[in-house]
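Read the structure below first, then the notes.
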Amino acid sequence: MNSELARDLGLGGKVAIVTGGGAAGDGIGNGRAAAMLLARAGVRVLVVDRQLELARRTVEMIAGEGGDAAACPADVTDDAQCRTMVETALARFGRLDLLDNNVGIASKGSVVDEDPEVWRRVMQVNVDSMFLASKHAIPAMIKTAGAGAIVNVASIAALRPRGMTAYSTSKGAVIALTRAMAVDHGPQGIRVNCVAPGPVYTPMVAAEGMSPAARERRRQASVLGMEGSGWDVGHAVRFLLSDHARFITGHTLVVDGGATLISRPRATDTQ
């Protein structure tokens with residue numbers, strides 16, 4: 001932990017749940033990056049992943065830097081498991097201040113092409129998970145900390161659809177959910193914001209077998225001519241959860257290297 005950073009960001013001693021906090025091997029996905037960056041700023045982190053071994057590796061990486069974290073297995077599309085996840089954070093750390101809703105899956109195709117079961121699964125994973133995690137986290141924040149902050153991870157696909165209709169629709173719902181939650185719970189001291197990543201390269205993207213040519217097209221989609229990483233998303237999440245964003249709520253922070261500023265041919269990537 002960097003004590004100076006903890007004081008500057010106002011995060012020292014706080015407790016966060018990061019869903020989707022694992023990643024393959026030592027790769028840096030959006031959730032793992034957020035968990036590690038929060039821990040560096042003095043946050044005690046419950047790292048949640050459906051695959052416990054992936055969460056445990058994130059905890060090991062945090063511990064290796066002197067941070068405090070614990071792993072928790074949970075399928076955040078399940079109400080009971082979300083309740084248990086929050087109870088685990090309270091039992092382990094005694095309070096809850098922060099939530100990073102980071103779980104999501106992709107799907108390609110139009111409404112004509114999409115299988116109804118796939119459509120429902122995308123909505124369940126990308127939207128229901130954030131509803132359920134927040135449903136149980138917010139009362140715990142109010143009771144144990146008197147306030148709190150939540151970040152929901154969406155995508156620029158919600159702002160600039162590119163042939164992934166179910167995915168784009170789900171991420172649009174995440175932005176709407178964020179704004180509604182900000183209005184509903186602002187009077188209770190809960191800030192709710194959203195991060196919309198663009199073409200960042202993460203272990204999940206790599207696992208989909210992206211070709212070097214496709215990866216280069218993604219890089220060129222940025223007006224900066226560079227490729228984003230999980231660290232870029234993690235830094236945005238930590239900022240929005242920190243006291244530096246104390247007067248920001250209901251906002252969607254686009255982290256895309258300027259990709260949404262320019263037009264390009266219809267893409268086949270997952271952002």
- side chain to side chain donor-acceptor pair (under 3.5 Å) partners of Thr165, counting only residues at least two apart: none

- Item | Val45 vs Met36 side-chain heavy atoms within contact, under 4.5 Å | no

- Go through Ile138 and Ile150 one step at a time and tell me if the side chain to side chain contact (heavy atoms under 4.5 Å, CB included) criterion holds. CA-CA 9 Å; Ile138 290 172; Ile150 297 172; 3.7 Å; yes

- Query: Do the side chains of Val43 and Arg238 get nearer than 4.5 Å, heavy atoms only?
  - Reply: no

- Item | Distance-minimising heavy-atom pair for Ala33 and Trp231 | CB-CE3, 3.7 Å

- Task: Flag the pair Val153 / Pro197 as yes when at least one side-chain heavy-atom distance between them is below 4.5 Å, and no otherwise.
- Result: yes

- Message: Nearest 0.5 Å, please: how far is CG in Leu96 from CD in Glu87?
- Response: 12.0 Å

- Query: Which value, rounded to the nearest 0.5 Å, describes the distance between Glu53 atom CD and Thr58 atom OG1?
  - Reply: 11.0 Å

- In this structure, CD1 of Ile17 is separated from CZ of Arg44 (nearest 0.5 Å) by 12.5 Å

- Please list all pairs passing the side chain to side chain donor-acceptor pair (under 3.5 Å) test where one or both residues lie in residues 96-106, with sequence neighbours left out. Arg95-Asp97, Asn101-Ser134, Asn101-Asn152

- Message: Would you say that Met123 contacts Thr169 through its side chain, given a criterion of any heavy-atom pair below 4.5 Å between the two side chains?
- Response: yes

- Query: Mind checking what makes side chain to side chain donor-acceptor pair (under 3.5 Å) contact with Glu4, not counting sequence neighbours?
  - Reply: none

- Query: Mind checking what makes side chain to side chain donor-acceptor pair (under 3.5 Å) contact with Arg120, not counting sequence neighbours?
  - Reply: Glu117

- What one should report as the nearest heavy-atom pair of Tyr167 and Ala106 is CD1-CA, 3.6 Å

- Set of residues satisfying side chain to side chain contact (heavy atoms under 4.5 Å, CB included) with respect to Ala245, sequence neighbours excluded: Arg191, Phe239, Leu240, Ile248

- Message: I'd like to know whether Arg57 forms a salt bridge (Lys or Arg N to Asp or Glu O under 4.0 Å) with Asp49, so could you lay out the CA-CA distance, the side-chain angles of the two residues, the decisive distance to 0.1 Å, and finally the verdict.
- Response: CA-CA 11 Å; Arg57 180 57 190 143; Asp49 201 281; over 6 Å; no

- Once you round to the nearest 0.5 Å, how far does CG of Leu132 lie from NZ of Lys135? 8.0 Å

- Query: side chain to side chain contact (heavy atoms under 4.5 Å, CB included) between Val48 and Thr88: does it pass, once the steps are laid out?
  - Reply: CA-CA 10 Å; Val48 178; Thr88 299; over 6 Å; no

- Message: Could you report the tightest heavy-atom contact between Lys171 and Gly104, atom names first, then the distance?
- Response: NZ-CA, 4.4 Å

- Message: Working note: Asp79 + His136, criterion side chain to side chain contact (heavy atoms under 4.5 Å, CB included); need CA distance, chi angles, decisive distance, verdict.
- Response: CA-CA 9 Å; Asp79 181 57; His136 295 288; 2.8 Å; yes

- Where do Thr144 and Ala140 come nearest, in terms of heavy atoms and distance? OG1-O, 2.7 Å

- Message: According to salt bridge (Lys or Arg N to Asp or Glu O under 4.0 Å), who are the partners of Asp184, at least two apart in sequence or on a separate chain?
- Response: none

- Could you pull out all residues at least two apart from Val254 that satisfy side chain to side chain contact (heavy atoms under 4.5 Å, CB included)? Ile156, Leu159, Ala196, Asp256, Thr260

- Minimal heavy-atom distance between Val195 and Ala236, with the atoms involved, is CG2-CB, 4.0 Å

- Output for pair (Ile190 CD1, Leu98 CG), nearest 0.5 Å, gives 9.5 Å

- Item | Nearest heavy atoms of Ala133 and Met85, plus distance in Å | CB-CE, 3.9 Å

- Are more than 12 heavy atoms from other residues, nucleotides or ligands located less than 6.0 Å from atom CZ of Arg246? no

Name each donor-acceptor pair under 3.5 Å that joins a side chain in residues 124-131 to protein atoms two or more places apart or in another chain, with its distance.
unit_1, atom_1, unit_2, atom_2, d
Gln124, OE1, Arg121, NH1, 2.6
Asn126, OD1, Ile105, N, 2.8
Asn126, ND2, Ile105, O, 2.9
Asn126, ND2, Ser170, OG, 2.9
Ser129, OG, Val125, O, 2.5

- Message: For Gln81, give me all partners under side chain to side chain contact (heavy atoms under 4.5 Å, CB included), at least two apart in sequence or on another chain.
- Response: Ala74, Asp75, Asp78

- Arg56, CZ atom: more than 12 neighbouring heavy atoms under 6.0 Å: no

- Query: With sequence neighbours left out, which residue pairs that include part of residues 29-41 fulfil the salt bridge (charged side-chain N to carboxylate O under 4.0 Å, His left out) condition?
  - Reply: Arg40-Glu65

- Hits for salt bridge (Lys or Arg N to Asp or Glu O under 4.0 Å) against Arg50, two or more places apart or cross-chain, chain-then-number order -> none

- CD-NZ distance between Glu114 and Lys108, expressed to the nearest 0.5 angstrom: 11.5 Å

- Query: By side chain to side chain donor-acceptor pair (under 3.5 Å), which residues pair with Thr19, not counting sequence neighbours?
  - Reply: none

